[in-house]
Amino acid sequence: MATAAHSGVPAKAPSRKDLSGPALRTFFRIADAWGLKEAEQMKLLGLDSRSTFQTWKRGAVAAIPKDALERISYVMGIYKGLKMLLPRTANEWVRKPNEAPLFAGRPAIERMTSGNVADLYVVRQYIDAQRG
């Protein structure tokens, strides 16, 4: 029996519904590792509503918005990049003051929790550039 991958038919991309549960579970594990406060987690996810946040945290959501998936993807990339760069101190890095021009002496978490997706993107780019 041929599968989609072997039959020449492209495999169907996972839907937001398929990705939402695993993405949220991973996000909340990273948030725990980084010691993020609820308000910081909400900013990273682009949420204003505490009730929506609590619903997501319980896993009681069918599909999260595309914007939230994009944000989680950046957070995951930052987390992975930091683990590769700084295996022992990766989780502490987000709260340490950083003299790189991008951060101007402030911790990366302050830039990441600005509420703008673009700030997650530039932090991810910075981490990737440090890895080479």
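Atom CG of residue D18 and atom NZ of residue K12 lie 6.0 Å apart, to the nearest 0.5 angstrom. Atom CZ in R29 sits 11.0 Å away from atom CG in L24 (nearest 0.5 Å). With values rounded to the nearest 0.5 angstrom, I72 atom CD1 is found 8.5 Å from T26 atom OG1. Taking NZ of K37 as the reference point, atom CD1 of I109 lies at 9.0 Å (rounded to 0.5 Å). With values rounded to the nearest 0.5 angstrom, L85 atom CG is found 12.0 Å from K80 atom NZ. Between the NZ atom of K57 and the CE atom of M42 there is a distance of 11.5 Å, given to the nearest 0.5 Å.
Panel note: side chain S73, backbone L69; no donor-acceptor pair is recorded below 3.5 Å. No donor-acceptor pair closer than 3.5 Å links the side chain of D128 to the backbone N or O of Q125. Without hydrogens or angle criteria, S20 side chain to I64 main chain gives a donor-acceptor distance under 3.5 Å.
In terms of the side chain to side chain donor-acceptor pair (under 3.5 Å) criterion, residue partners of R95 (sequence neighbours excluded) are, by chain and number, E40.
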For residues 99-106, run the donor-acceptor check on the side chains, cut-off 3.5 Å, and write out each pair with its distance to 0.1 Å, sequence neighbours left out.
from	atom 1	to	atom 2	distance (Å)
R106	NE	E110	OE1	2.5
R106	NH2	E110	OE1	2.7

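The shortest distance between side-chain heavy atoms of M112 and W34 falls below 4.5 Å. Side-chain contact between Y126 and I78 is absent, with no heavy-atom pair separated by less than 4.5 Å.
A 6.0 Å sphere centred on NZ of K17 holds no more than 12 heavy atoms belonging to other residues, nucleotides or ligands. The 12-atom threshold is exceeded at CZ of R16, counting heavy atoms of other residues, nucleotides or ligands nearer than 6.0 Å.
The shortest heavy-atom contact between V122 and R111 is CG2-NH2, 3.5 Å. Taking all atoms of both residues into account, the shortest heavy-atom contact from N91 to A33 is CB-O, 3.5 Å.
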Where do N116 and Y121 land on the side chain to side chain contact (heavy atoms under 4.5 Å, CB included) test, with the steps shown first? CA-CA 9 Å; N116 299 316; Y121 172 77; over 6 Å; no
CA sep, side-chain torsions, deciding dist, call: E38, Q54, side chain to side chain contact (heavy atoms under 4.5 Å, CB included): CA-CA 10 Å; E38 184 176 280; Q54 291 298 330; 2.7 Å; yes
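Aromatic ring pairs are classed by plane angle as parallel below 30°, tilted from 30° to 60° and perpendicular above 60°; the pair F53 and F28 is perpendicular.
With hydrophobic clusters built from ILVMFWY side chains whose heavy atoms lie under 4.5 angstrom apart, M84 does not share a cluster with L86.
Tested against Y74, the residues I127, D119, V117 include a single side-chain contact (heavy atoms from CB on, under 4.5 Å) partner, V117. Each of L36, I30, L47 was scored for a side-chain contact (heavy atoms from CB on, under 4.5 Å) with Q41, with one residue passing: L36.
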